[in-house]
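Worth saying up front: this structure is predicted, and the values here are computed from it rather than measured. When reading the values below, keep in mind they use all heavy atoms of this one structure, side chains included, and skip hydrogens, waters and symmetry mates. Naming: A, B, ... by sequence-line order, numbering from 1 per chain.
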There are 2 protein chains.
Amino acid sequence: MARRIGIKDVAAAAGVSTATVSHVLNRVEGKRIGQKTRQRVWQAAEELGYAPNGLARGLRLQRSQTIGFVSDEIATTPHAGRMILGAQEAAAAEGLLLLLVNTSGDAELERTSIEMLLQRQVDGVLYAAMYHRTVRLPESLGATPTVLLDARSEDPAVPFVVPDEVQGGYTAVRELIHHGHRRIGVTVQTVDLPARQGRLEGYRKALAEAGIPYDPSLVAAETAVPFNTTPGDVETGYRAARRLLTAEQRPTALFCFNDRMAAGAYRAAAELGLSIPGQLSVIGFDNQELVCESVYPALSTVQLPHYEMGARAVAQLLALTKTPGRPPGPDTNALLLCPLVARASVASPPRL
Amino acid sequence: MARRIGIKDVAAAAGVSTATVSHVLNRVEGKRIGQKTRQRVWQAAEELGYAPNGLARGLRLQRSQTIGFVSDEIATTPHAGRMILGAQEAAAAEGLLLLLVNTSGDAELERTSIEMLLQRQVDGVLYAAMYHRTVRLPESLGATPTVLLDARSEDPAVPFVVPDEVQGGYTAVRELIHHGHRRIGVTVQTVDLPARQGRLEGYRKALAEAGIPYDPSLVAAETAVPFNTTPGDVETGYRAARRLLTAEQRPTALFCFNDRMAAGAYRAAAELGLSIPGQLSVIGFDNQELVCESVYPALSTVQLPHYEMGARAVAQLLALTKTPGRPPGPDTNALLLCPLVARASVASPPRL
DNA sequence: CCGGGTTGGTTAATCGTTTAGCCAACCGTG
DNA sequence: CACGGTTGGCTAAACGATTAACCAACCCGG
């Protein structure tokens, strides 16, 4: 197989030096090259199908045009896919490529993975969690520009991009209130996450705004069993919903911590003979489309803006590499809006 | 910020030449270096925290220790995540990293993406589809070792890794037969894919093996409307199932082309007052966990071995790079088994 | 004491780019 | 004609590794 053609092949073909080729092809400012030579170089490059060697260029320029995407979990949800996609497309638009690694939450694996990234001279790293939580950044990333994705750090100096959980919870509950609901239950898991806190805060904010008193008995927190399963699964949602719906004064609507828990609420409602949305309105969170459209009627929910988060994180990272002294101001962080996705599970409450 | 430390820093610290450092650190065979010097080099490298510069090494060795993962769609299903994860972990085990790009089915985007990959001197490319289909490989990949993932090519010379759809369909239907079903309906979409063909073939094979005559009226093929939506969605599955279940002699079990269509079957069953699995058994395909566990009772299905496919594809790619002349024998391809995932939607047929 | 083998390293070229600095030719002026 | 300023392009030194080729020193037998 013929050796890949390089800049010196182009130089030879055009009858100039490699320096000239480089100058022409990179349109170096302040370098004056004659029209005719320019033409010859362009043409030669074109004919030979020249493409620069990124490794060589990276070596010379001390930048690989590559960023590392470190995530704790890639496979379990489509969330990861959307974040990656957002990041990848935003990166590609800037001529950057994503180098992907997964840590599975394993510290040792994380260490070696990051080492591999650094060896390849990544220009920066996106450190992503698959649900909004607080992480501790590995020390080896100290010298590399880093942005947290769907995660926060204890260290305020490192920028993060997260969803605005409060606004999201607020949006969900306001949707219910707009339809006339006033007794709104919440089903939630018990693990304390920024997501949990934020969404509950949004719930209270929407209630307060509508002048509805906060009733703690309407908040059903349930722990996943067995203990080591993912919190916030269907089963947990089922139990929480069942508890609320069998209480003496049952709510007319349910705000579920996530779509999977909402699927559990559907099951509880079916068991109790409550039709959705006629007798019970349900709203979820996450917009996991597979879930929302597998249940019937299709689940209204609030979307986590994963694609946008990925894209935004790349933007933040780029900003970081341009201004080396990372100013830990609030402008380096981003809270992204969670829009409502209305489907068919919310209606007006039944008239009494 | 201190310049990254390189091989010459180590050399200086150990009081030797860079050549010696390289020899020691790479354990070059046939090169004899004294024990003491070895020690000094190791120690110096350790203390300085030396890590080789992958770009420089790649440039010299003409190989980047990096492989490109080109996929048409990353975000819509967790399938992509599993394939990527499998590929990533298998790659990492060999010291390789994945460079990820998404084409969104856009030919122009695909062209530029692949160009970016080639510029970075990827050692090979995994070309992945998100559902089993036939693709045409871009010409620019001609000179690069390539393996198809969940896809086949018209060109027999390019190796592929795909699920064994026939065995999968066979497995699903045999599960129903084992429970005593003899009237087994199939719901399927109308687009002609390897997946569709294979699963139907597996269906007939299982039937034949059990001595059950093939009845075409039990195969409900339905087209998605509006036309441009994804084939095989919930709605399509609903319509197909409804048709079968309202026929005069309705089947006691349904084999659905995928889990989403199975979710549609659940809805049809609910409407017709048929309980699952008491009056109707349902089995899906794909093992989309979010779907399988969002419906009630949890859906039994057949798993597409995406993780394994990703891992296997990396192995094939590695084999390819080691033996440059790609022998298009069948051993360069792989058909991976689709195991049964039994949940709660299959039981014995009701006694008449 | 000489010649040849072994041991333990070093020198320098190379991978494919970029870019600072140099230089030759040319042009118009005083 | 000497001279400064432009124009257009070349030379050569990086970037950080690997590796073929070379070499100095030592040892040992004859």
Quick one: which of C:dG9, C:dG16, D:dT19 gets closest to the side chain of B:L61?
-> D:dT19

Rounded to whole Å, NZ of B:K36 lies from P of C:dT7 at a distance of 14 Å

Kindly give the heavy-atom pair with the smallest separation between B:T134 and B:P194, and that separation in Å.
-> OG1-CG, 4.3 Å

What's the spacing between B:L98 CG and A:N102 CG if we round to 0.5 Å?
-> 11.0 Å

Starting from P on D:dA17, measure out to CD on A:Q62 and report it in whole angstrom.
-> 10 Å

Closest contact, heavy atoms only, A:V10 versus A:V41 | CG1-O, 4.1 Å

Listed nucleotide nearest any side-chain atom of B:K8, set D:dC15, C:dT10, C:dT19 | D:dC15

Polar atom pairs between nucleotides 22-26 of chain D and protein, under 3.5 Å, N or O only, would you list them?
none

OP1 or OP2 of C:dT19 under 4.0 Å from side-chain N/O of A:S22 | no

Check every atom of C:dA12, D:dA12, D:dC15 against the side chain of A:A19 and return the nucleotide holding the closest atom.
-> D:dA12

Atom pair distance, as rounded to whole Å: CZ in B:R38 and C1' in C:dG8 = 10 Å

Is the shortest side-chain N/O distance from B:Q121 to OP1 or OP2 of C:dG16 below 4.0 Å?
-> no

Counting only heavy atoms not in A:E108, do more than 12 fall under 6.0 Å of its CD?
-> yes

Whole angstrom value for the distance that separates C1' of C:dT19 from CZ of A:R27 = 18 Å

Separation of D:dA17 atom P from B:N26 atom CG, nearest Å, is 10 Å

Side-chain donor-acceptor contact under 3.5 Å, A:Q39 with A:Q43 = no

Can you name the closest pair of heavy atoms from A:P305 and A:L336 and give their distance?
-> CG-CB, 3.8 Å

Euclidean distance, atom CZ of residue B:R4 to atom P of D:dG16 [Å, nearest integer] = 10 Å

Can B:R133 and B:D72 be counted as an ion pair, charged N to O under 4.0 angstrom?
-> yes

Closest to the 5' end of DNA chain C, once A:G6 and B:G15 are matched to their nearest nucleotides, is B:G15

Counting only non-hydrogen atoms, which of residues 39-54 of chain A are less than 4.0 Å from DNA chain D?
-> none

Between C:dG9, C:dG16, C:dT10, spot the one nearest the side chain of B:L59, thanks.
-> C:dG16

Rounding to a whole Å, what distance do you find between A:L25:CG and C:dT17:P?
-> 10 Å

Would you say C:dT10 has OP1 or OP2 under 4.0 Å from some side-chain N or O of B:T20?
-> yes

Candidate nucleotides D:dG9, D:dT19, C:dT17, ranked by approach to the side chain of A:R57 - the nearest = C:dT17

Within a strict 4.5 Å, meaning less than it, do heavy atoms of the B:E308 and B:L337 side chains meet?
-> no

Of A:T18 and A:I33, the one whose closest nucleotide on DNA chain D sits nearer the 5' end is A:I33

Closest heavy-atom pair, A:V314 versus A:L126, reported as atoms and distance to 0.1 Å, is CG2-CD2, 3.8 Å

Ignoring the backbone of A:I7, work out which of C:dG16, D:dT11, C:dT17 is nearest its side chain.
-> C:dT17

When the distance from NE2 of A:H23 to P of D:dT11 is rounded to whole Å, what number comes out?
-> 13 Å

Measure the CZ-CG distance between A:R120 and A:L55 for me, rounded to the nearest 0.5 Å.
-> 10.0 Å

